[in-house]
Amino acid sequence: MKIRHTELALALMLSLPMATTVVAADAPQAVAAKAPAAANVKPVAADAQRVIPLQGAWNVRTFAGLQGRHGPIPADAFVRTADLGRLTDADRDALSAAGVRLDIDLRTADEEAQSPDLLARDDRFDYQRISLMGTEKMDLQKMMASFPDSLGEAYVQWLGHSQPQFKQVFQRIAAQHDGAVLFHCTAGKDRTGIIAGLLLDLAGVSKAEIVHNYAISAHYLEGQPKDSAMNAQIMALVKQNPEIGRKMAGMAGTAPDNMEQFLAALHSQYGGAEGYLKAIGVSEQEIQQLKVRLGQAG
């Protein structure tokens, strides 16, 4: 039961679009003052080529040009993003023009119900929702009982807790032979960030580049709306228990050490992304298909 509560707590935290900063602002001053500031790494000039500017989505980026073992990752391989519930018609056209054919939604059923993915109703895109945390419903009171000490620790816990879901995600990507694969959650930084980290590690992208790619998400999410129904429930809960707000505030942003901790565990426990994918049951053929998509088949 303890593990289950931990999974639910993580699912709740990671469903919020940078919500911890909102919660901290609403909490009593004595509590908010204790919250550590989240690191906000700025993009560099090379990051600009990977941004897809949309009106109704945030942190929309490709892996274009990131150097793997056998060359750069193609621009039309993957798109990572946050919630897609506010897309305009022009945004959907832009994603289609960018070659997106498959949309993998990493959110829970609760999240999808609150903000339906607007690509799911567009015939130009295939859509599949896979709740990466393995839960669909959220009891806020129970979920808040078990938080890890850091986001990095939370990411490491996923490697063990959510193996069936990771397997499903990577097998679905491997089965897609045409077009770009888009994947997203709500905030576009945690569940999305870990899938991105695994893909980039599989491609042989350097640790420094993987960490940077993760850490700049906070910058690109600065304008993301924070008016979800789930966020409102969290703020009400924090007002009843300010200590929850203090702990959640410490998990805002995309500090580089979160990804560093995840990558260290990935390599020490599994030898890297390829070892992890093999351990959870992704076949050699499927891993090869992933490498082909990443431009690393050599």
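Just so you know, these numbers use all the heavy atoms, side chains as well, and skip hydrogens, waters and symmetry mates.
No continuous path of hydrophobic side-chain contacts links Val79 to Val205 [ILVMFWY only; heavy atoms under 4.5 Å]. Taken together through direct or relayed side-chain contacts under 4.5 Å among Ile, Leu, Val, Met, Phe, Trp and Tyr, Leu290 and Leu66 form part of one hydrophobic cluster. Linking Ile, Leu, Val, Met, Phe, Trp and Tyr residues whenever their side-chain heavy atoms come within less than 4.5 Å places Tyr214 and Phe166 in a single cluster. Grouping the Ile, Leu, Val, Met, Phe, Trp and Tyr side chains by contacts below 4.5 angstrom, directly or via other members, places Val169 with Phe183. If you chain together hydrophobic residues whose side chains sit under 4.5 Å apart, Val100 and Val51 never meet in one group.
In this structure, the side chains of Ile287 and Gln285 stay at 4.5 Å or more apart for every pair of heavy atoms. The closest side-chain heavy-atom distance from Leu84 to Leu182 is below 4.5 Å. No side-chain heavy atom of Pro74 sits under 4.5 Å from any side-chain heavy atom of Phe63. The side-chain heavy atoms of Tyr127 and Leu119, taken from C-beta on, include no pair separated by under 4.5 Å. In this structure, the side chains of Val181 and Asp103 stay at 4.5 Å or more apart for every pair of heavy atoms. Side-chain contact between Trp158 and Phe262: absent, with no pair of heavy atoms (C-beta onward) separated by less than 4.5 Å. The shortest side-chain heavy-atom distance between Gln165 and Ser131 does not fall under the 4.5 Å cut-off. Considering only heavy atoms from C-beta on, Arg124 stays 4.5 Å or farther from Leu95 through its side chain.
Considering all non-hydrogen atoms of both residues, Gly85 and Leu118 come closest at O-CD1, 3.5 Å. When all heavy atoms are compared, the tightest approach of Ala297 to Val292 is CB-CG2, 3.8 Å. Of all non-hydrogen atoms in Val282 and Phe170, the two that sit nearest each other are CG2-CB, 4.4 Å. Taking all atoms of both residues into account, the shortest heavy-atom contact from Arg107 to Pro116 is NH2-C, 4.3 Å. Listed here is the closest heavy atom pair of Ser217 and Lys189: CB-CB, 4.1 Å. When every heavy atom of Ala215 is checked against every heavy atom of Val41, the shortest pair comes out as CB-CG2, 3.6 Å.
For the atom pair Asp76 CG and Arg101 CZ, the distance stands at 10.0 Å (nearest 0.5 Å). Separation of atoms CG (Leu87) and CZ (Arg92) is listed at 7.0 Å; rounding is to 0.5 Å. In this structure, the separation between CG on Asp123 and OG on Ser96 is 11.5 Å, given to the nearest 0.5 Å. Distance check: Ile173 CD1 to Ile104 CD1 gives 4.5 Å after rounding to the nearest 0.5 Å. Rounding to the nearest 0.5 angstrom, the gap separating the CZ atom in Arg293 from the CD atom in Gln289 is 9.0 Å. The CZ atom of Arg191 lies 6.5 Å from the OG1 atom of Thr108; values are rounded to the nearest 0.5 Å.
Screening Glu111, Gln128, His184 for a side-chain contact (heavy atoms from CB on, under 4.5 Å) involving Asp105 leaves a single residue, His184. With Asp47 as reference, His212 is the one residue of His212, Lys42, Arg61 to meet the side chain to side chain donor-acceptor pair (under 3.5 Å) rule.
No side-chain N or O of Ser206 forms a donor-acceptor pair with one of Glu209 less than 3.5 Å apart. A donor-acceptor pair shorter than 3.5 Å can be found between the side chains of Asp201 and His267. No donor-acceptor contact under 3.5 angstrom links the side chains of Asn213 and Arg50, judged on distance only. Side-chain atoms of Asp83 and Thr186 form no donor-acceptor pair, as typed in the model, at a separation below 3.5 Å. Checked by atom type, the side-chain pair Ser115/Arg86 shows no donor-acceptor distance below 3.5 Å.
A donor-acceptor contact shorter than 3.5 Å is absent between the side chain of Thr88 and the backbone of Gly56. At distances below 3.5 Å, not a single donor-acceptor pair connects side-chain atoms of Gln176 with backbone N or O atoms of Arg172. Between the side chain of Gln296 and the main chain of Gly71, a donor-acceptor pair closer than 3.5 Å is present. No donor-acceptor pair under 3.5 Å is formed between the side chain of Arg80 and the backbone N or O of Ala196.
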Practice problem: Begin from the C-alpha positions of Asp122 and Phe125 and carry the test side-chain contact (heavy atoms from CB on, under 4.5 Å) through to its verdict. | Solution: CA-CA 6 Å; Asp122 189 320; Phe125 308 95; 3.6 Å; yes
Exercise. For the pair Thr254 and Met259, evaluate side-chain contact (heavy atoms from CB on, under 4.5 Å) and give the outcome as yes or no after the intermediate values.
Key: CA-CA 8 Å; Thr254 50; Met259 181 55 65; over 6 Å; no
Practice problem: Determine, step by step, whether Asn258 and Tyr155 satisfy the side-chain hydrogen bond (donor to acceptor under 3.5 Å, both in side chains) criterion, reporting the C-alpha distance in whole Å, the side-chain angles of both residues, the deciding distance to 0.1 Å, and the verdict. | Solution: CA-CA 8 Å; Asn258 295 326; Tyr155 299 164; 4.8 Å; no
Practice problem: Go through the steps for Ser283 and Glu286 under the test side-chain hydrogen bond (donor to acceptor under 3.5 Å, both in side chains), then give the verdict. | Solution: CA-CA 5 Å; Ser283 71; Glu286 289 165 334; 3.2 Å; yes
Practice problem: For Ile52 and Thr62, run side-chain contact (heavy atoms from CB on, under 4.5 Å): C-alpha distance rounded to whole Å, both residues' side-chain angles, the deciding distance at 0.1 Å, then the answer. | Solution: CA-CA 8 Å; Ile52 301 178; Thr62 72; 3.8 Å; yes
Exercise. Evaluate the criterion side-chain contact (heavy atoms from CB on, under 4.5 Å) for residue pair Leu277 and Tyr270; output intermediate values, then yes/no.
Key: CA-CA 9 Å; Leu277 294 178; Tyr270 300 96; over 6 Å; no
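Partners of Asp257 by side chain to side chain contact (heavy atoms under 4.5 Å, CB included), not counting sequence neighbours, listed by chain and number: Ala255, Glu260.
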